[in-house]
Amino acid sequence: MIDEELVQLLTPEGLRVGHPEYASSLDGEEIFSLYRDMVIVRRLCNESTSLQRQGQLALWAPIQGQEAAQIGAGRALQPMDFTFPTYREHGIAWCRGVPPEDVLRMFRAVSNGGWNPQHFRHSVPTVVLGNQALHAVGYAMGVQRDGAEEAVMTFFGDGASSQGDTLESFVWAASFNAPVVFFCQNNQWGISTPSSLQSKVPLYRRAEGFGFPGVRVDGNDVLAVYEVTKKALDNARVGGGPTMIEAYTYRMGAHTTSDDPTRYRIDAEVEVWKHRDPLERVKALLVREYQIKGAAFDQVNHEAEAMALKLRDDVLAMGRPDPITMFDHAYASEHALIEEGRREMLELGISGGAH
Amino acid sequence: MIDEELVQLLTPEGLRVGHPEYASSLDGEEIFSLYRDMVIVRRLCNESTSLQRQGQLALWAPIQGQEAAQIGAGRALQPMDFTFPTYREHGIAWCRGVPPEDVLRMFRAVSNGGWNPQHFRHSVPTVVLGNQALHAVGYAMGVQRDGAEEAVMTFFGDGASSQGDTLESFVWAASFNAPVVFFCQNNQWGISTPSSLQSKVPLYRRAEGFGFPGVRVDGNDVLAVYEVTKKALDNARVGGGPTMIEAYTYRMGAHTTSDDPTRYRIDAEVEVWKHRDPLERVKALLVREYQIKGAAFDQVNHEAEAMALKLRDDVLAMGRPDPITMFDHAYASEHALIEEGRREMLELGISGGAH
Amino acid sequence: MATTTMTMAKALNEGLRRAMERDKKVLLMGEDIGKLGGVFRITDGLQKDFGEDRVIDSPLAESAIVGTAVGLAIRGYRTVCEMQFDGFVYPAFDQIVSQVAKLHKRSDGAYTMGLVIRLPFQGGIGAIEHHSESPEAYFAHTAGLRVVSCSTPNDAYWMIQQAIEHDDPIIFCEPKSRYWEKGEVDLEGPSHELFESARRREGTDVTVIGYGASMKTIMRAADTAASEGVSLEVIDARSLSPLDLEPMIASIEKTGRFVTVQEAPHTASIGSELVAELTQRCFYSLRAPGIRVSGYHVPYPPTRLEEDYRPSVDRILDGVDRVMGFES
Amino acid sequence: MATTTMTMAKALNEGLRRAMERDKKVLLMGEDIGKLGGVFRITDGLQKDFGEDRVIDSPLAESAIVGTAVGLAIRGYRTVCEMQFDGFVYPAFDQIVSQVAKLHKRSDGAYTMGLVIRLPFQGGIGAIEHHSESPEAYFAHTAGLRVVSCSTPNDAYWMIQQAIEHDDPIIFCEPKSRYWEKGEVDLEGPSHELFESARRREGTDVTVIGYGASMKTIMRAADTAASEGVSLEVIDARSLSPLDLEPMIASIEKTGRFVTVQEAPHTASIGSELVAELTQRCFYSLRAPGIRVSGYHVPYPPTRLEEDYRPSVDRILDGVDRVMGFES
Ligand SMILES: Cc1ncc(C[n+]2csc(CCOP(=O)(O)OP(=O)(O)O)c2C)c(N)n1
Ligand SMILES: Cc1ncc(C[n+]2csc(CCOP(=O)(O)OP(=O)(O)O)c2C)c(N)n1
Ligand SMILES: [Mg+2]
Ligand SMILES: [Mg+2]
C-alpha cells in the first residue's frame, strides 16, 4: 500500500516512516497508552458482539479494524473540545470518558442516548446519517461567539459523505470558518455499498472544493491519526478553520450484528486488511523500539478482561425501564398530551408506579 | 479582470482573446444570431418588468446581465437534449422554443408551469432551490438506460450551490457517470446573499472534489459560454460524464421585482459590471470584425420590439383560469377528494362551468 | 394600559428586539435576514443594532439553518430561525423531525432544544408556487414539537417573545398576508399564555375555530352571519399543538355546533384533530358533527385562483349553514 | 384458485418481480437493495436477474433517491424507491412534497409521476431509534400523493403490483414487523382494488378500523372480545389516502360505534381523519364518539418499551370498552 496521498508514520509491519509534514510527538509511554486503549475498545467490541449473540443486546455495531482511527482521533482531543459521533464511535466515547455500559444502553434498547452528553462533552449518538455534522458546525459557531479556544469534532462514514446534510455542513464550516474537524472514517463500506459508489475520487479531496484542507491518513496507524487530528484540532482552536480528515481504514466485521457481509464482499479483501491490523503494528513497534515485554501486554489484557467482565455485569443488570419513563423529557415543560398519556398508562396498569 | 481561471474568448471591449483549450467555432452569421437572441431576451425581460410594474404580472425575475450566459448555453444545446431550469432561465426557454408568453404564465400567476415540458424538452421552472439538479441526474440516468446520445443540462445559481440537493446531485452524477452538465450562473448574489458567503473559493472548483471537471467561464462572453457548454454537452453525450460550468456573471437588476437591492449592494459594483455588458462586446465585435451595419442592428431591434408587443398582447389576454381547473391534473386518475372538491365548488357557484 | 398601534410585521420586529435585549443568548439566523432585514422586513434593523454575530445571514440551505441551530442550542444559544417561506421548510424537515423534536428526549433532558422556527405561512399574497403553503399539520403531528400561530399584532408581539423564552422547540406560524395590517399592541403584558386559545367573539349558535390568516375572514363571516341573525362564537386556536381545548369545549357545550377553518387541505390536519377531540369531549352536547372548511386536496393553485382555494366568507358561512342544517 | 403460502417479504419480492417482468420501464432503486437484497431482503435476487441497471444500488442519500426517481419518471421510467427505514424518509421529504406530489399538476399533466416509495414502517422489531416510525399522516396530508398500506402477504403481492402500475405517486407502507409472517397468496387475481378498504371480520357491536401491523393485533383483540361476548367488526383501511369510507360507513351504520387503531401519535393523524369523516357521515347512527387508540405523543421510545407504546390488545379493548360505555 504505497500511496502518496496517505499520511502514514507506521507501516503495517510496525516500522516508522517519515512524512514531510507530520512527525510522531509521542514517547513510549504514550504510545503504550494508545495501544492499551485500542486493546480495551477491541475487547469492549468483542464483548458486545457476544452479548448481542446471547440475546442481551438488540444490536451491535462493531468497530473492529477501526480502533486506531478512533483512539488516535479520540486521544488527540482536549477535555474542552466537544464531539458529535454516529452510532459507531465507541472508541471515541471511551476516550471521552463515557462509561462502556452507557455506550451499550442504546444497543440494549433501554435508551435512545445513554449518557449525559454535556457532562462528557460527547454528544448522544446520531443514527440519521449526516445530521450530526450540522450540529457540530452549529456548536462550533457557538464556540466562536463565546470567544472560546475549543474545537469541535464530528464523525461520519464514507457512506454518510453522500448525504446533503454532511455536504451542507462543509459549506457552512467554510463560510463561517468554524472551529470544526470533520473526521470521516472511510471503512470502505456503508453496509453493502462500497465507498467507490459514494465517490470516484479519494474522499478527502472533497474538502478542498469547499475551501478548506482535506487530509487522508492511514486510519490503521494510530500514530499518524493522532498527529493529523491533533494538528487539525489545534488549528481549529486558534481560528484556523475547518479541516476534513479521511481516515482510510476498514470495517473488519459486519456492518452490525444484523448484517451478513458474505453477501456482498469477498474474503480476500478482508484477508488483505488483516495484515494491516491497527493493534499489531503498534505492538511490533512497542516490542522493537521500546522493549515492552509480555508482562506489560498481559497486564493490558487483564485490564481489558476486567472491563469486559464488568461491562457484562452492568449490561445484565440493566433492567427494562418503567414504561412511564417514555413520557419523561419528551417536552421540557408541562404538556396536556403527556399528562393524558401518563394517566392512561397508569389506569391501564401498565406502569404500577412500583418502580 | 485578468483571471487565469476564467475562460474568455472576447474581452469586454469586444476583442478576441486566445485560450489554450477553447476556440470560437462560430462564423459571423452565427455570432450575429447569438446577438439577436440576446437582444430579444433582454427586450423580453424589460417588457416583463414593465408589465409587472403595471400590475399585469405578480412578479418578475430579471435576467439583465445574464443574457450571454443563457444564450450561450441555450444555443449550445441540441434538440434532443433536455433541460431543467430554475425560475430565471428565460433565455434558455427562448432557445428551447418555449413561446415567451408561456414563460410569463407563472409570473402572471395563472399557472405553476406554463408550457408542455415534454414537447420543448425543457422542464417546468423549479422554484425550490436545488431540487431540479436531482431531476436532471435522474433523467440522465434514464438517457443512459435508453442508450441514447443525449445530454441533460440543469441550471442553478450561486446561492443554490449550498443546498443539499445540488450537492447530492454532484455525488450521483459522478457515481453513475451521468450525461449531465451543471450550469451554475454565479451572478454574485442570491437575493441579498453575496456569493462569497456560499463559497470562499471559486465555485467551479467544487466539481473536482466530487470527481468531475469544473470550468469557470466568463458568463458575459457569449462566445466563450457557447464553446465551453458545447464541449461539455458533446462530452456528456458520448459517455464522458458530468461537467460543472460556472458562468461568472452579474445580476444587473433586482433579484425580482419584489426586491430592493439598494439595501445590500453598492452602486459602484453595478457600475463596474455595466462595462462588461454581454451585448455590447458582441456588437463591437460584429461591427469591427464582420462590418455589420446599423441597419442589421435596427432590424434586430424591430424584431425584439415586435416580440415585445405580441408578448404584451398575449399576456393581457391571459384571463383568470376557471377556478375548477385547480382540480385538473392534481391526480392522474379519479380521486374521491377531487370529486368532492369539484362538487363543492360547483354548488357554491364559484365555477359556473360557463368557461 | 400602554398600547400602541403597529403592523404585525413591526410587532414581530419589536418582539424580537425585546427578546434579544433581554437575553444575549438569543440569535437570529436565516436567509437575507441581516442587511436586507428579511424579505418581509421582519428583522429590519436588527443586524445593525445587534451585530452580524447575533443576526446571522446564512448561506442558502434550510437543513443547515436548523441543523446548526440545534448545535447552537446544545451550546446554550437560543436561535430564532427564519424560513423565508413556508414552502422552503421542507429541506429542513429531517432535522426538525429527527433532531429538533427528539434531542431533548434522547439526551434525557441534558439538551434543551429552545429554538424557534419562524414560518411565514398560508397564502393570500398572490405569490408564485411554494410561497403559500400551510405545513402546520406536519409539525403538529410530530411529538416533541409545539406549534403556535399568531393572528394579531398584539399576539405577534407577545407570542414571539414567549416562544423564545420557552424551553421546547416551537414552530411559529406567521400569517404572512396579515403582516401589513395594523392593530393595537399592549406593551405592558400579554393577554394570554402562549399555549392558550382565545375567544375573539361571543356568540350562541355556532362555534367557529380557526387560526392565522383565517381569523380575519372568520370575523367577517361572523359579521355577515350576525346580519342574517346567526350568532357565531369565534375562537382563535393560537396553539395548534398542543391544542387548548377547554375554551372550545365550553363554547360547544353552549352552541352545540362547530366549524373549523384552515387553509391546509383537511386530510389528517388540525381541523381533523379538532373534530376528533371535540367530538369525543362534547359528544352529548353536539347537535351536528363538526364541519371542516379548508383548502382543497390539490397542490396550492396558481394564485390568481387562491381566493377560491382559501376559505372565504362564503365557504365559512356554507359550513355554518351545514352544521345548522343538522337536526337533533 | 391458485394459492400458495409465503411470507409478506417473499410476496413483495414476487410482486416486484412480476411487475418488472411485465414492464421493462420498472426500476428499483435504494440503499443496499442490489447485492444485499435490501436489509429486509425484499429485493433479494432481483439484481441478479434483472441487472444493475434495473435494480440500482444507490449512494446513501434519500433526497437523491427520490429526486432522481422524479427525473427517471420524466424520462418515462417507473421507479420503486426503497427507503431503508421509515425514519430515513425525512431527508427526502422536500422532494416528495414539493416535487413528487406537485409535478403532474405543475406540468399540466405532461409529466406522469408514476413512482412508488416503499416505506418499511411502524415498530415491533426491537430496533434502535428511527427504525420504528409511522410517518403515513405526513403523506396523507399532502395533496398529490396517495398512501396505501398492506397487512397480509396477499395484499402485499397484489398491492405492490397495482401501485407500480398506477400513474400517481404512491407511498407504500409496509408493516416491517409482519414481513416474516406467512399467509396465503392467490396468484390469479387481487381480492381488492388498490384503494379499497377490506372487511376482515364481521361483527355487530363495534367497528374497529386499522391498517398495517395493527391489523393482527386488532384481530387478536376481536378474538378476545368475542370470548367476552363483544362482537367486533374489523376493517383494514388499506388505502390511507384517499380513504375508502363507504364500507366503514356501512359498518358503523350497523354498529353505531367505532375505534381507530394506529401506531402513530393521534394528533392530526389518520385516526383523526377517520373520526372527522366518519362522524360527519354517520352522525345520526353514532351512539358514541369515535375513539382513537394510538401511539403516545412522545418520540418513539427505546424498543424495550415499544409494546407499551404500540396499541396492544389491551389498549384496543380499552378503546372498545370506552365506546361501549357511552350511552345514547
Ligand atoms: C439518512 C439515513 N439513511 C439510511 C440509514 C441506514 N444506515 C445506517 S448505517 C448505514 C451505512 C452507513 O455507512 P457509513 O456512513 O460508511 O458508516 P459506517 O456504518 O460504515 O460506519 C445506513 C445506510 C441511516 N441511518 N440514515
Ligand atoms: C429551498 C429554497 N429556499 C429559499 C428560497 C427562496 N429564494 C428564492 S431565489 C433565492 C436566491 C437564490 O439565489 P441563486 O441560487 O444565486 O439564484 P439567482 O436568484 O441569483 O438566480 C432564494 C433564497 C427558495 N426558492 N428555495
Ligand atoms: Mg463506512
Ligand atoms: Mg445568484
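Predicted, not measured: the structure shown is a model, and the values here were computed from it. Here is how names work: the chains are called A, B, and so on, in the same order as the sequence lines, proteins then strands, and each is numbered from 1.
The choice from Gly211(A), Ala174(A), Ser162(A), Ser199(A) that makes the most heavy-atom pairs within less than 4.5 Å of chain B is Ser162(A). The choice from Asn177(A), Asp165(A), Val201(A) that makes the most heavy-atom pairs within less than 4.5 Å of chain B is Val201(A).
Open room surrounds CD on Glu208(A); 12 or fewer heavy atoms of other groups in view lie less than 6.0 Å from it.
Between the side chain of Glu168(B) and the backbone N or O of Gln163(A), no donor-acceptor pair lies under 3.5 Å.
Using a 4.5 Å cut-off between heavy atoms, Gln198(A) touches chain B through its backbone atoms (N, CA, C, O) alone.
Phe210(A) has its side chain within reach of Leu167(B): a pair of non-hydrogen atoms, C-beta onward, lies under 4.5 Å apart.
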